[in-house]
Amino acid sequence: MTNSPLPARTEDFDELSRMLGELFHSGFDAETHEIERGLFEPERALLIRDGTEPVASAAAFTRRLTVPGGTVPAAHVSMVGVVPTHRRRGLLTSLMRHQLRQLADAGREPVAVLWATEGRIYPRFGYGLAAQRLSLECATGELRLPRPAPEAGRLRLDRPAARQAELARVYDRVRPDRPGWSSRNAAWWRYVLGDPAAQRGGATERRVVLHEGPDGVDGYGLFRTRAEWDRSGPRGHTLVDEVVATTPDAYAALWRMLLSIDLTRQLTFRAAAVDEPLLRLVDEPRRLGAQLVDALWLRVVDVPAALAARRYATGVDLVIEVTDELLPANTGRWRLTGGPEGAECVPTDQPAALACDVRCLGELYLGGAGLGALAAAGRVHELRPGALAAAGPAFGWHRAPAGMEVF
């Protein structure tokens, strides 16, 4: 066996899917398998075999990622795993390094993003925690929302697949303002709305509640329910996947329904943003049971292209010294100038004001991490007094980054 990854072929998908199903303890489900087949990009998948048996893999999907002030092409890394009989042999390291070199050589995607099964895995490859999320678990009877305004709109229930076009329009209206959200073509909508019976965990089919305002559908919520009873009566559970709305009225109306479905007493929503408006709507936020967990991890592949592609909340003129052990072309001093209207990043010989590694840039990139917090942790070093205070506000953004869809 060699540790050198080889490009996958279309016909490798079946055995690759079975391998990953075993690795992630989900088993093989034919319905899920066929949905995911439509996403597979064999030319972007890497495979290591021991003889004829696949033992490790890594892949990427071609999508765009919303960043502060715009969108960028981003490699959406997934299908990463090593079978338990071949761990501790350097296979993951070989795959990740090979993939990063491919991305850098292609020069099309300045960043890569992924969801991590464990947070300790990917920092050694330069990935930084770029977006966190809140996992909400609450007793619905403990919460109240403001009363709706007169003529605020109406709600409808339907099957999600039947309303895909309307859901896509709402999502595409909201996505440009939320760093961390990814573009969705028809194949990705099929994946998001896919509802394999094997993945329902005893709950109902997924349903969608739509909010119709004066100009048509302006919000939706994807959810399912699970019947539960005890000696005192119904204790059903509402499981929310997505809530997307273009107006505050639509957002509040959707949550008002989701929190008051008959025969339910509990609600779980594991993809809330750190600045989720629901926390500002309910009368007792602590009853939401919010737990902060990690979401998107981001790797800057091309420092000047990435830093120039996003916008900055305030004007910035900064020389930053970056180190990158895996992609040496990123190592050096870069002068970043820009603001809300645009940015430029070029190599420079000027003295640096700040210094950090490429992982820190990944944490800063979507506006979720504070420059001051990274400095306090010893991860960013101030080389010119006052540089942190001057540059810190520029890297923030008016909306927190969020990761709503696991890919």
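These numbers come from a predicted model, not from an experiment.
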Could you please spell out the steps behind the side-chain contact (heavy atoms from CB on, under 4.5 Å) verdict for I261 and M257? CA-CA 6 Å; I261 297 174; M257 195 215 83; 3.9 Å; yes
Under 3.5 Å, side chain of [X] to main-chain N/O of [Y], donor-acceptor pair present?
X: T66; Y: R175; result: yes
X: N330; Y: V301; result: yes
X: D177; Y: V174; result: no
X: E276; Y: A273; result: yes
X: D357; Y: C360; result: yes
X: S94; Y: N3; result: yes
X: Q99; Y: A59; result: yes
X: S183; Y: R64; result: yes
X: T348; Y: Q350; result: yes

Kindly indicate whether the side chain of [X], heavy atoms from C-beta on, has any atom under 4.5 Å from the side chain of [Y].
X: L167; Y: L193; result: yes
X: H211; Y: Y251; result: no
X: I48; Y: L6; result: no
X: M79; Y: F13; result: yes
X: V208; Y: L157; result: no
X: E15; Y: M19; result: no
X: L279; Y: V282; result: no
X: V217; Y: R169; result: no

Would you sort out whether F40 and L16 count as a side-chain contact (heavy atoms from CB on, under 4.5 Å), showing the intermediate values? CA-CA 11 Å; F40 187 53; L16 179 56; 3.9 Å; yes
Going by an N to O cut-off under 4.0 Å, is there a salt bridge joining [X] and [Y]?
X: R379; Y: E363; answer: yes
X: E325; Y: R359; answer: no
X: E382; Y: R384; answer: no
X: R200; Y: D195; answer: yes
X: E205; Y: R159; answer: no
X: D241; Y: R206; answer: yes
X: D294; Y: R133; answer: no
X: R256; Y: D249; answer: no
X: R144; Y: E284; answer: no

When you look at CG of D262, are more than 12 heavy atoms from neighbouring residues, nucleotides or ligands closer to it than 6.0 Å? no
Over 12 non-hydrogen atoms of neighbours within 6.0 angstrom of CZ in R89: yes
May I have the step-by-step check of salt bridge (Lys or Arg N to Asp or Glu O under 4.0 Å) for R184 and D172, ending in yes or no? CA-CA 9 Å; R184 292 177 178 174; D172 286 340; over 6 Å; no
Which one of R287, R286, R265 satisfies the salt bridge (Lys or Arg N to Asp or Glu O under 4.0 Å) criterion with E142? R287
Salt bridge (Lys or Arg N to Asp or Glu O under 4.0 Å) between D275 and R178, worked out: CA-CA 11 Å; D275 61 351; R178 180 61 85 174; 2.8 Å; yes
Give, for atom [atom1] of [X] and atom [atom2] of [Y], the distance between the pair rounded to the nearest 0.5 Å.
X: L100; Y: Y127; atom1: CG; atom2: OH; value: 5.5 Å
X: D302; Y: C345; atom1: CG; atom2: SG; value: 9.0 Å
X: T264; Y: L258; atom1: OG1; atom2: CG; value: 9.5 Å
X: Q102; Y: R108; atom1: CD; atom2: CZ; value: 9.5 Å
X: T331; Y: E321; atom1: OG1; atom2: CD; value: 9.0 Å

Under the side-chain contact (heavy atoms from CB on, under 4.5 Å) criterion, do C356 and L361 qualify, and how do the steps go? CA-CA 8 Å; C356 69; L361 289 188; 4.0 Å; yes
Minimum heavy-atom separation for [X] and [Y], please, with both atom names.
X: A250; Y: T247; result: N-OG1, 3.1 Å
X: V82; Y: L23; result: O-CD2, 3.1 Å
X: V83; Y: P54; result: CG1-O, 4.1 Å
X: L103; Y: A75; result: CD2-CB, 3.7 Å
X: A394; Y: G315; result: CB-O, 4.4 Å
X: L327; Y: A104; result: CD2-CB, 4.0 Å

Evaluate the side-chain hydrogen bond (donor to acceptor under 3.5 Å, both in side chains) criterion for residues T62 and R44: first the C-alpha distance (whole Å), next the side-chain angles of each, then the deciding distance (0.1 Å), finally the verdict. CA-CA 9 Å; T62 304; R44 306 207 66 183; 2.9 Å; yes
Applying ring pair (Phe, Tyr, Trp, His ring centres under 6.0 Å), can you list everything that pairs with F395, at least two apart in sequence or on another chain? Y312
Criterion side-chain hydrogen bond (donor to acceptor under 3.5 Å, both in side chains) on R224 and T204, from CA distance to verdict: CA-CA 6 Å; R224 65 178 85 243; T204 63; 5.6 Å; no
Between W255 and F269, ring centroids under 6.0 Å: yes
In terms of ring plane angle, is the pair W181 and Y171 parallel, tilted or perpendicular, where the classes change at 30° and 60°? parallel
Between L267 and L143, does the side-chain contact (heavy atoms from CB on, under 4.5 Å) criterion hold? Intermediate values first, please. CA-CA 11 Å; L267 180 141; L143 298 165; over 6 Å; no
From L114, L296, V113, L39, residue fulfilling side-chain contact (heavy atoms from CB on, under 4.5 Å) relative to H76: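 Considering L114, L296, V113, L39, a side-chain contact (heavy atoms from CB on, under 4.5 Å) with H76 is found only for V113.
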Cationic tip of R18 within the cone over F28's six-membered ring, i.e. under 6.0 Å and within 45° of the normal? yes
Given salt bridge (Lys or Arg N to Asp or Glu O under 4.0 Å), test R63 with E405 step by step and report yes or no. CA-CA 13 Å; R63 305 176 73 180; E405 169 202 330; 2.8 Å; yes
Result of checking T140, T268, T225 against H237 for side-chain hydrogen bond (donor to acceptor under 3.5 Å, both in side chains):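 So, applying the side-chain hydrogen bond (donor to acceptor under 3.5 Å, both in side chains) to H237 and each of T140, T268, T225, only T268 qualifies.
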